[in-house]
Amino acid sequence: MTIDYSEQRQKMVDCQLRTTDINNAPILLAMGSVPREKFVPASVQTLAYIDDDVRLSPSGDNQRYLMEPSPFAKLLQLAELSQSDVVLDIGTGSGYSAAVLSILAGSVIAVESEPALAESAVETLTELGYDSAVVVEGPLADGYASEAPYDVIFLNGAVGEVPDKLASQLKDDGRIVGVLGSGNTGRATVWTKSNGNLIARHAFNTCVPALPGFEKEAAFEF
C-alpha cells in the first residue's frame with residue numbers, strides 16, 4: 001500500500017500541532033511543507049509522523065532522535081524567529097530541524113557530531129533545495145564560533161546546562177531555546193542574553209531526548 005505522506009503531514013499539523021496550542025502560522029506552514037519522511041531512516045519511514053520521537057541512529061551510546069513534532073514546534077514558537085535571524089542549530093541530526101529553521105529564519109548553521117548523520121543531513125538538505133542551511137560536523141557543545149554571533153541558538157534536545165563556550169556565541173539580546181533537565185523534569189527554557197549574562201525563563205514542562213555533551217558538571221560539596 002502506498003502511503004500518502006502529504007496527507008500524514010497535514011494530519012500532523014491539524015492533530016498534533018494545532019491541538020497543543022501551536023498557533024504560529026509560519027511554523028504551521030513550514031512544518032506542513034517539509035517532508036519529514038525524507039529525514040528518517042528508510043526502515044522507519046512509515047513512523048515519520050507519529051506523535052513520538054523517532055530514532056535516527058540504530059545503536060551506540062549516543063543514540064540520536066528526531067524530536068516529536070509537538071514539543072519541537074513549541075520550542076520553535078518560543079524562539080520567536082524572524083526572517084532576519086541567523087540561527088545556530090545544535091544537534092540537527094538528519095537535518096530536519098535545519099530545514100524547518102531555514103524557512104523561518106534568514107540562515108542556519110547546523111552542527112552535528114555524528115559523522116553519518118551529518119553526511120545524511122548534507123545530502124538530504126541539498127537534494128531538497130534548502131540552500132540557506134549549512135551543516136558542519138563537530139562537538140555539539142562547541143557550537144560554531146567562526147560564524148558567531150548568532151541571533152538564536154536552537155538546542156535539539158535536553159541539556160543539563162548551557163556551556164559558556166556556546167553562550168559566548170550568542171548576540172546580546174539573542175535567545176537560546178531548548179529543554180533544561182532530563183526525563184519528566186525537563187523544562188522548555190528560553191535564555192536571553194543581556195549585558196553578557198544569560199537570563200533563563202522556563203515556559204512549560206516537556207520530555208525530549210538528551211543531547212550528548214551537555215551533562216551538568218558535578219558540583220563539589222563539603
Side-chain angles (χ1 to χ4, degrees), residues 12-32 34 36 51-54 65-93 96-106 108 110-111 140-141 143 149-164 166-216:
M12 174 192 71
V13 170
D14 292 338
C15 301
Q16 297 181 46
L17 306 189
R18 294 184 187 276
T19 58
T20 52
D21 298 323
I22 295 149
N23 51 28
N24 181 289
I27 291 173
L28 294 172
L29 288 171
M31 292 185 65
V34 175
R36 191 174 166 93
D51 55 347
D52 202 353
D53 308 305
V54 179
Y65 295 82
L66 177 61
M67 197 187 302
E68 181 183 347
S70 177
F72 173 69
K74 292 179 82 171
L75 289 172
L76 289 175
Q77 199 159 254
L78 278 181
E80 298 182 345
L81 294 157
S82 73
Q83 287 292 320
S84 62
D85 284 337
V86 178
V87 180
L88 180 62
D89 180 29
I90 299 294
T92 195
Y96 175 77
S97 57
V100 175
L101 285 164
S102 73
I103 297 174
L104 300 171
V108 180
V111 181
L140 303 185
Y150 301 96
D151 298 290
V152 175
I153 297 177
F154 189 85
L155 304 175
N156 269 288
V159 300
E161 62 183 1
V162 176
D164 291 341
L166 190 59
S168 70
Q169 297 173 33
L170 185 68
K171 286 183 180 177
D172 218 40
D173 295 327
R175 303 161 314 279
I176 299 176
V177 177
V179 175
L180 182 64
S182 60
N184 293 327
T185 65
R187 293 175 293 175
T189 303
V190 180
W191 292 266
T192 304
K193 196 171 191 178
S194 178
N195 296 321
N197 299 310
L198 287 184
I199 301 170
R201 174 175 65 86
H202 303 303
F204 56 88
N205 294 336
T206 190
C207 178
V208 301
L211 281 180
F214 289 88
E215 297 79 10
K216 189 173 183 178

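We count residues from 1, following the sequence as given. Predicted model only: the values in this text are computed from it and were never measured.
For the pair Ala158 and Gly181, the tightest heavy-atom approach, listed with the atom from each and the gap, is CB-O, 3.3 Å. Minimum heavy-atom separation, Met12 to Met31: CE-O, 3.3 Å. For the residue pair Ala73 and Ile22, the shortest heavy atom distance occurs at CB-CD1, 3.5 Å. Here the closest heavy-atom approach between residue Ala30 and residue Ile103 is recorded as CB-CG2, 3.9 Å. The heavy-atom pair separating Leu75 from Ala188 by the smallest distance is CD2-CB, 3.8 Å. Closest approach of Ser70 to Thr20, counting heavy atoms only: OG-OG1, 2.9 Å.
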Verify side chain to side chain contact (heavy atoms under 4.5 Å, CB included) between Leu78 and Phe204, making sure each step is shown before the conclusion. CA-CA 10 Å; Leu78 278 181; Phe204 56 88; 3.8 Å; yes
In sequence, state the C-alpha distance, the side-chain angles, and the governing distance for Val111 and Leu88, and then conclude on side chain to side chain contact (heavy atoms under 4.5 Å, CB included). CA-CA 8 Å; Val111 181; Leu88 180 62; 3.7 Å; yes
Just do the side chain to side chain contact (heavy atoms under 4.5 Å, CB included) check on Ile90 and Val159 with the steps written out, would you? CA-CA 11 Å; Ile90 299 294; Val159 300; over 6 Å; no
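In this structure Ser84 satisfies the side-chain hydrogen bond (donor to acceptor under 3.5 Å, both in side chains) test together with Ser82, sequence neighbours excluded. Applying the side-chain contact (heavy atoms from CB on, under 4.5 Å) test to Ala79 and every residue at least two apart in sequence or in another chain returns Leu81, Val152, Val177. Residues passing the salt bridge (charged side-chain N to carboxylate O under 4.0 Å, His left out) test with Asp85 are Arg175, sequence neighbours excluded. Remark: Ser182 pairs with no residue by the side-chain hydrogen bond (donor to acceptor under 3.5 Å, both in side chains) rule, at least two apart or across chains. The salt bridge (charged side-chain N to carboxylate O under 4.0 Å, His left out) test applied to Arg18 returns Asp14, not counting sequence neighbours. Residues passing the side-chain hydrogen bond (donor to acceptor under 3.5 Å, both in side chains) test with Ser97, sequence neighbours excluded: Asp89, Thr92, Asn156. Partners of Pro26 by side-chain contact (heavy atoms from CB on, under 4.5 Å), not counting sequence neighbours, listed by chain and number: Asn24, Leu104.
A donor-acceptor pair is defined here as one N or O able to donate and one able to accept, closer than 3.5 Å; such a pair exists between the side chain of Gln77 and the backbone of Asn23.
In this structure, the separation between CG on Asp151 and CG on Asp173 is 10.0 Å, given to the nearest 0.5 Å. From Asp53, atom CG reaches atom OH of Tyr65 across 7.5 Å, with rounding to the nearest 0.5 Å. Here the CG-CG distance, from Leu166 to Leu155, works out to 6.5 Å after rounding to the nearest 0.5 Å.
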What pairs of donor and acceptor atoms, side-chain ones from residues 194-201 against any protein atom, are under 3.5 angstrom apart with sequence neighbours left out?
none

Show which side-chain atoms of residues 205-214 pair as donor or acceptor with protein atoms under 3.5 Å away, not counting sequence neighbours.
none

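Sorted by first and then second residue, the ring-ring contact (aromatic ring centres under 6.0 Å, His included) pairs with a member in residues 69-91 read Phe72-Tyr96, Phe72-Phe154; sequence neighbours excluded. Listed by first then second residue, pairs satisfying salt bridge (Lys or Arg N to Asp or Glu O under 4.0 Å) with a partner in residues 66-80 number zero, not counting sequence neighbours.
For the side chain to side chain contact (heavy atoms under 4.5 Å, CB included) test with Ile176, the passing option among Thr189, Ile153, Val190 is Ile153; the others fail.
Leu76 has its side chain within reach of Leu101: a pair of non-hydrogen atoms, C-beta onward, lies under 4.5 Å apart.
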